Amino acid sequence: MTALVLGHKNPDTDSIISALSATNLYKGRGIDVKAVAQGTPAPETAFVLKRFDLEAPEVVTSVAGQEVYLVDYSDLAQAPDDFKEAKLLGIIDHHKLGDVTSDTPVECWLQPVGCSNTIIKMVHDYYGVAIPKNIAGAMLCAILSDTVLFKSPTCTELDKKAAQELAEIAGVEDMIALGMEMFKAKSNLDGATPRELIFRDFKDFDMSGKKVGIGQLELTSLDLVSDDLMASFKSELQAIKEEGRNSAILILTDVMQEGSLLLLASDNGEIITKALNTTLSDHMWLPGVMSRKKQVVPQLEAAFK
Ligand code: MG
Ligand code: MG
Ligand code: MG
């Protein structure tokens with residue numbers, strides 16, 4: 001049976017490129033796999049695929065009866081709804097340990113680094129599997145994206161080392177220039193509704209029985225968000241909260257200013273603002289906050305306990 005290599009819902013660049021790069025890794029070891037994704041590429045990922053001449057993975061929403069390798073997550077909430085009817089074979093991830101489980105031993109590569117592709121690079125080296133030039137370029141982009149050009153507090157020396165080595169394989173001379181081009185593509189807000197923008201990179205978390213949804217948009221400048229769009233984000237978050245969530249949050253990250261604007265609709269707004277060291281107001285700026293995984297989710301999980 002061909003096993004699936006599958007990233008999380010609302011796929012980001014790391015999730016989609018991990019499916020492709022981990023497929024290269026498993027195939028290089030003689031394992032029969034196919035890269036798939038739980039959605040089509042967002043603009044940033046589309047830029048990376050086009051730049052390195054790669055095809056987007058086929059979209060799947062059901063995995064019942066299939067064998068599956070997970071990349072870039074291990075949470076049931078981010079897996080297909082029928083994931084419990086699939087057989088888990090492995091996980092490569094850099095997030096907090098999630099709640100998937102298995103009936104048989106599982107190959108796990110989990111590291112607290114800035115990007116799943118950093119781990120995938122290390123495992124290629126471990127098994128002596130070669131990385132094609134175009135996949136190396138896309139993996140480099142995933143690292144630049146997840147670490148926000150190495151500026152995120154999630155970034156480690158291992159991420160920088162992997163990026164350097166991938167840049168050499170891909171023949172990329174100026175990593176930061178490539179990363180800026182990618183973030184410009186990501187900052188394109190045209191042609192999408194406010195709701196689509198919120199869900200472009202959105203994750204639901206179970207926080208002590210409360211469903212908290214957190215979206216993040218990383219932009220080269222917050223000036224790209226007009227007053228009208230800001231107002232639409234706020235009303236849309238209210239609607240998203242009312243779809244069965246305790247809270248709906250949007251983190252608007254300014255990559256150059258190195259901080260984020262917090263927007264929220266919540267039954268427990270003050271718990272959230274207190275956890276993030278701010279107070280409820282029309283303009284909640286969180287200086288230095290760039291990482292949902294490290295600077296938002298753990299703080300909220302602790303506050304909701
Ligand atoms: Mg991801
Ligand atoms: Mg990632
Ligand atoms: Mg991200």
Side-chain angles (χ1 to χ4, degrees), residues 5-23 25 35-49 56-57 59 68-80 83 90-100 108-124 135 138-156 158-160 162-163 166 179 182-183 185-186 197-205 213-218 249-251 253 255 290-298:
V5 184
L6 180 63
H8 53 75
K9 281 180 176 158
N10 301 315
D12 58 2
T13 296
D14 189 29
S15 173
I16 287 195
I17 303 305
S18 288
L20 298 174
S21 58
T23 292
L25 167 71
V36 291
Q38 296 189 66
T40 53
E44 179 193 65
T45 315
F47 165 86
V48 174
L49 292 171
V59 173
V68 184
Y69 287 94
L70 298 183
V71 285
D72 203 34
Y73 69 117
S74 64
D75 285 333
L76 281 175
Q78 293 170 38
F83 182 78
I91 307 169
I92 301 176
D93 190 29
H94 67 125
H95 294 84
K96 75 176 177 69
L97 188 58
D99 52 1
V100 298
C108 289
W109 300 93
L110 311 176
Q111 287 289 319
V113 293
C115 181
S116 292
N117 272 288
T118 296
I119 306 168
I120 296 170
K121 166 70 170 70
M122 289 159 58
V123 184
H124 272 89
I135 292 185
M139 292 170 75
L140 167 63
C141 283
I143 296 174
L144 291 166
S145 170
D146 264 15
T147 65
V148 195
L149 310 177
F150 309 124
K151 290 190 282 193
S152 168
T154 58
C155 184
T156 68
L158 291 171
D159 297 296
K160 291 180 191 167
L166 289 165
M182 183 181 67
F183 274 102
K186 185 175 206 168
L197 292 171
I198 293 171
F199 277 104
R200 195 175 264 178
D201 177 8
F202 187 91
K203 291 179 179 173
D204 275 314
F205 298 89
I214 310 175
Q216 182 174 23
L217 271 181
E218 290 151 323
I249 298 171
L250 180 62
I251 305 159
T253 301
V255 172
M290 310 194 66
S291 167
R292 170 174 52 196
K293 174 181 21 270
K294 200 159 183 168
Q295 294 168 296
V296 178
V297 174

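Computed from a predicted model, the values in this text were never measured in an experiment. Both ligands and their constituent atoms are indexed starting at 1 by order of listing. Throughout, numbering of the chain's residues begins at 1 and tracks the sequence. Atom set for the values below is all heavy atoms of this structure, side chains included, hydrogens, waters and symmetry mates excluded.
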Restricting to N/O/S atoms, is [X] within less than 2.8 Å of the Mg ion (ligand 1) or not?
| X | value |
| --- | --- |
| Asp12 | yes |
| Asp72 | yes |
| His8 | yes |

**Message:** Could you check whether any side-chain heavy atom of Thr253 comes within less than 4.5 Å of a side-chain heavy atom of Val148, counting everything from C-beta outward?
**Reply:**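 No, side chains not in contact.
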**Pairing of Asp75 and Lys203 as salt bridge, 4.0 angstrom limit** =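 The answer is no: the pair does not qualify as a salt bridge.
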**Asked** Counting backbone and side-chain atoms alike, does His95 have an N/O/S atom under 2.8 Å from the Mg ion (ligand 2)?
**Response**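 No.
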**Request:** Tell me whether Asp93 has at least one N, O or S atom under 2.8 Å from the Mg ion (ligand 2).
**Result:**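 Checking the Mg ion (ligand 2) against Asp93, no N, O or S atom falls under 2.8 Å.
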Any donor-acceptor N/O pair, [X] side chain to [Y] backbone, under 3.5 Å:
| X | Y | result |
| --- | --- | --- |
| Ser15 | Asp72 | no |
| Glu218 | Asp146 | no |
| Thr23 | Ala19 | yes |
| Ser74 | Gly98 | yes |

**Request:** Measuring from the Mg ion (ligand 2), name the closest N, O or S atom belonging to Asp146.
**Result:**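 Output for this pair reads OD2.
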**Item:** Shortest-distance N/O/S atom, Asp14 versus the Mg ion (ligand 2)
**Value:**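 In Asp14, the N, O or S atom with the shortest distance to the Mg ion (ligand 2) is OD2.
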